[in-house]
Every structure is written in structure tokens, then in C-alpha cells.
S.K.: 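Okay, handing you the structure first.
Just so it is clear, the structure is predicted and the values come from calculations on it, not from any experiment.
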Amino acid sequence: MSELDIEFVKSLAREAGDRALAMIGDIRPEFKADQSLVTHIDRETEQSLRAKLAERYPLIGFQGEEYGRAATGSDGLWAVDPIDGTTNMVYGLPSWGVSIGLIANGSPAGGAFYMPRTREMFWAVRGHGAYCNDRRLKAVDRSALHVEDTLGFTSTAIRTLDLSGLTGRLRSLGSIAAEVCYTAGSQLCSHVGCFEGANDLAAALCIATEAGCEATYLTGEPLQINDMVRDGRTRAPFVVAPPQLAALIRSMVRPREGAAPPRAGETIPR
């Protein structure tokens, strides 16, 4: 594929996020079939991003959160969540944003996640580092946790995992992309999620890995984004963190006895 123009991707994310923020005064939330929230902002944002990405990169396919796979291409796949954190947006919480990630050659190749409420632009290109605005990100690794360390978890992970042996402060922000990006920047020490999609994670995983994190299942097996595209989501709980911390989290977190993964079509709360 041709070289990724990350400045173009960043400009699309910023434009889409700022436009979404301006539309909130007329927000019209509704429930999808799985009872998760969606708004006209999500749908209009996805359609706009699809058209602009196709015009610039006609050989790259497109998969969005709201309309699914809209196009295939020989040079990779855009995995886009027009609003990651829709519930936060609806209820006036600041942790939500636009995620545009490129998957190429079987792994996250680059992308941007922009949160208009906080004006934070997280971005990365594979092999060229990760950034928040103009600050280079480097996740801080360590071999032990302090009781005041901040640990990110999706609400599904909190409900389905046994965290009783874990040291630290649990934080659930309502946007997995935000949590993974804050892990890249060490505002969070780590992130643990369950059953998440490539649209949510494509950009954030590139940002996190370029900042020195790894993404593995609790077994230690690496996350494979092509599997997520094929299956629709990750197949088990996973951790994103620098290597020593990732190993520590894996040793301290276990599936809760009797907890079952959500069935196909079942709501996956954030």
C-alpha cells in the first residue's frame, strides 16, 4: 500500500470530533437491537469518514461500528468507530472520541483517536512511535503495583473477572480507546478488556504498542487483530500494558467462577 498520511487521518478525526461536539445540542439517542445506545451523530460521522477515506485511499477497505463492512480493498482495512464512548457522549461525560485505525499486513498499521472534549489527539504509525498531540508517549513499566496505581477496566471485565487479588485503583472510563491510549501515556498503568471489536481497538492498539505496551490474552497469547476482524471481537479477557506489568496483571486476574461470555448479539456494556 502507499505510505499512510497520518496528518490526513488526524485531520479527519479532529474535524469529525469537533463536528460531533457541535451537534450535541440536537442529540437524538436511541437503542439498537442489542440495547446499546446510538445517535444520529454516530451514523452521520461514520458515513462522512467512509466517503472521505475512500476518496483518498480507494484500495483500502472500510469497516465501521454502525454499518459494518462497507467495502473491501487490496491494501488493508480501515476499522473505524465514529464515536467510541457513545453513552458518555449522550450523558455529558468527556471520555469519548473518534477512532480511525488502519489494519495492514495482519496488524495495526497506524491511526488516530481524538477526544474533542479534552482536545487530546492520540496518534501513531507503526515503527514511528506514538504521540498525544506533540508529546511522544512512552509507557512506564514496573514489576510491582502500588495501592494508588490506576488500572483501567471495561465494565464487562469488572463484572466477569475475579479482581480480589489485585492491588491498585480500578478505573472504568466508558471508552476502551481512551483507556488503551491513557495506558500508552501512563495515566493508567494498564487496561483489561473483554470481548471488544477491531473498530474500537485498531487505532488504540497501534498507539499502545508503539508506546511500549503489549496486548495479550490472560493466557499470554498475543491478540491478533485479524482474528478480531474475522470473529467480530476478542474471544476472551485481555490485558494491554508494558511487558512486566502485563505479566503481573495476568498473574493476578482470573475469570470469575460461573461468569459466562456474552452470547452473539448480546449487549456488551462498556
S.K.: Mind checking salt bridge (Lys or Arg N to Asp or Glu O under 4.0 Å) for R43 and listing every partner two or more places apart, or none if nothing turns up?
M.R.: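 With neighbours one apart ignored, the set is E30.
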S.K.: Name all residues meeting the salt bridge (Lys or Arg N to Asp or Glu O under 4.0 Å) criterion together with R169; count only those two or more places apart in sequence or in a different chain, and write none if there are none.
M.R.: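 E148.
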S.K.: Does anything in residues 203-214 pair up under salt bridge (charged side-chain N to carboxylate O under 4.0 Å, His left out), and if so which pairs, sequence neighbours excluded?
M.R.: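 Only E214-R250 qualify under salt bridge (charged side-chain N to carboxylate O under 4.0 Å, His left out).
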S.K.: Nearest 0.5 Å, what's the CD-CH2 distance between E7 and W123?
M.R.: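 If we round to the nearest 0.5 Å, E7:CD and W123:CH2 are 6.0 Å apart.
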S.K.: If two hydrophobic side chains count as joined below 4.5 Å and joins carry through other members, does Y57 share a cluster with L59?
M.R.: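 The answer is no; the residues belong to distinct hydrophobic clusters.
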S.K.: Which distance, rounded to the nearest 0.5 Å, do you find between the CD of E46 and the CD of E65?
M.R.: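 Reported value, rounded in 0.5 Å steps: 7.5 Å.
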S.K.: Which residue pairs pass the salt bridge (charged side-chain N to carboxylate O under 4.0 Å, His left out) test when at least one of the two sits in residues 100-124, sequence neighbours left out?
M.R.: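 Applying salt bridge (charged side-chain N to carboxylate O under 4.0 Å, His left out) to every pair that reaches into residues 100-124, excluding sequence neighbours, yields D18-R119.
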S.K.: What pairs with P108 under side chain to side chain contact (heavy atoms under 4.5 Å, CB included), at least two apart in sequence or on another chain?
M.R.: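 Listed in chain order: L205, C206, I225.
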S.K.: Please name the pair of heavy atoms, one in Y114 and one in A13, separated by the smallest distance, quoted to 0.1 Å.
M.R.: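 So the minimum-distance heavy-atom pair works out to CD2-O, 3.4 Å.
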S.K.: Applying salt bridge (Lys or Arg N to Asp or Glu O under 4.0 Å), can you list everything that pairs with D149, at least two apart in sequence or on another chain?
M.R.: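 Only R142 meet the salt bridge (Lys or Arg N to Asp or Glu O under 4.0 Å) criterion with D149.
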S.K.: Is any side-chain heavy atom of T160 closer than 4.5 Å to a side-chain heavy atom of R256?
M.R.: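 Result no, sub-4.5 Å side-chain heavy-atom pair not found.
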S.K.: Would a 4.5 Å heavy-atom cut-off, applied to side chains only, mark V192 and L151 as touching?
M.R.: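 Not touching, per the 4.5 Å side-chain cut-off.
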S.K.: Is the closest side-chain heavy-atom distance between F62 and V80 below 4.5 Å?
M.R.: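 Yes, their side chains come closer than 4.5 Å.
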S.K.: Show me the donor-acceptor pairs within less than 3.5 Å that the side chains of residues 66-73 make with the rest of the protein, sequence neighbours left out.
M.R.:
unit_1: E66; atom_1: OE1; unit_2: K32; atom_2: NZ; d: 3.2
unit_1: Y67; atom_1: OH; unit_2: Q47; atom_2: NE2; d: 3.4
unit_1: R69; atom_1: NE; unit_2: Q63; atom_2: OE1; d: 3.3
unit_1: R69; atom_1: NH2; unit_2: Q63; atom_2: OE1; d: 3.4

S.K.: Find out whether L163 and F153 are in side-chain contact, i.e. whether some heavy atom of one side chain is under 4.5 Å from a heavy atom of the other.
M.R.: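 A side-chain contact under 4.5 Å exists here.
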S.K.: Can you list the residues that meet the salt bridge (Lys or Arg N to Asp or Glu O under 4.0 Å) rule with D227, with sequence neighbours excluded?
M.R.: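 D227: salt bridge (Lys or Arg N to Asp or Glu O under 4.0 Å) contacts with R230.
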S.K.: Is a side-chain donor-acceptor pair under 3.5 Å present for D42 with T86?
M.R.: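 Yes, because at least one side-chain N or O of T86 sits under 3.5 Å from a partner of the opposite role on D42.
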S.K.: Identify the two heavy atoms, one from S99 and one from F113, that lie closest to each other, and give their separation to 0.1 Å.
M.R.: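 Looking at all heavy atoms of both residues, the closest pair is CB-CD1, 3.8 Å.
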S.K.: Taking only residues two or more places apart in sequence, or in another chain, which ones meet S190 in a side-chain hydrogen bond (donor to acceptor under 3.5 Å, both in side chains)?
M.R.: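 For S190 there are no side-chain hydrogen bond (donor to acceptor under 3.5 Å, both in side chains) partners, ignoring immediate neighbours.
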S.K.: Quick one: are S48 and K52 in side-chain contact, heavy atoms under 4.5 Å?
M.R.: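 Result yes, sub-4.5 Å side-chain heavy-atom pair found.
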S.K.: Do the side chains of I60 and L53 get nearer than 4.5 Å, heavy atoms only?
M.R.: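 Not touching, per the 4.5 Å side-chain cut-off.
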S.K.: Y182: what forms a ring pair (Phe, Tyr, Trp, His ring centres under 6.0 Å) with it, not counting sequence neighbours?
M.R.: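 Only F122 meet the ring pair (Phe, Tyr, Trp, His ring centres under 6.0 Å) criterion with Y182.
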S.K.: Going by the rule side-chain hydrogen bond (donor to acceptor under 3.5 Å, both in side chains), which residues pair with R171 if we only count those two or more places apart in sequence or in a different chain?
M.R.: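 Applying side-chain hydrogen bond (donor to acceptor under 3.5 Å, both in side chains) to R171 gives none.
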S.K.: Could you name each residue pair satisfying salt bridge (charged side-chain N to carboxylate O under 4.0 Å, His left out) that touches residues 88-112, not counting sequence neighbours?
M.R.: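 Salt bridge (charged side-chain N to carboxylate O under 4.0 Å, His left out) check on residues 88-112 returns no pairs.
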S.K.: Please answer whether the main-chain N or O of A241 pairs with a side-chain N or O of T183 as donor and acceptor at a distance below 3.5 Å.
M.R.: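 Here the side-chain-to-backbone pair does not exist.
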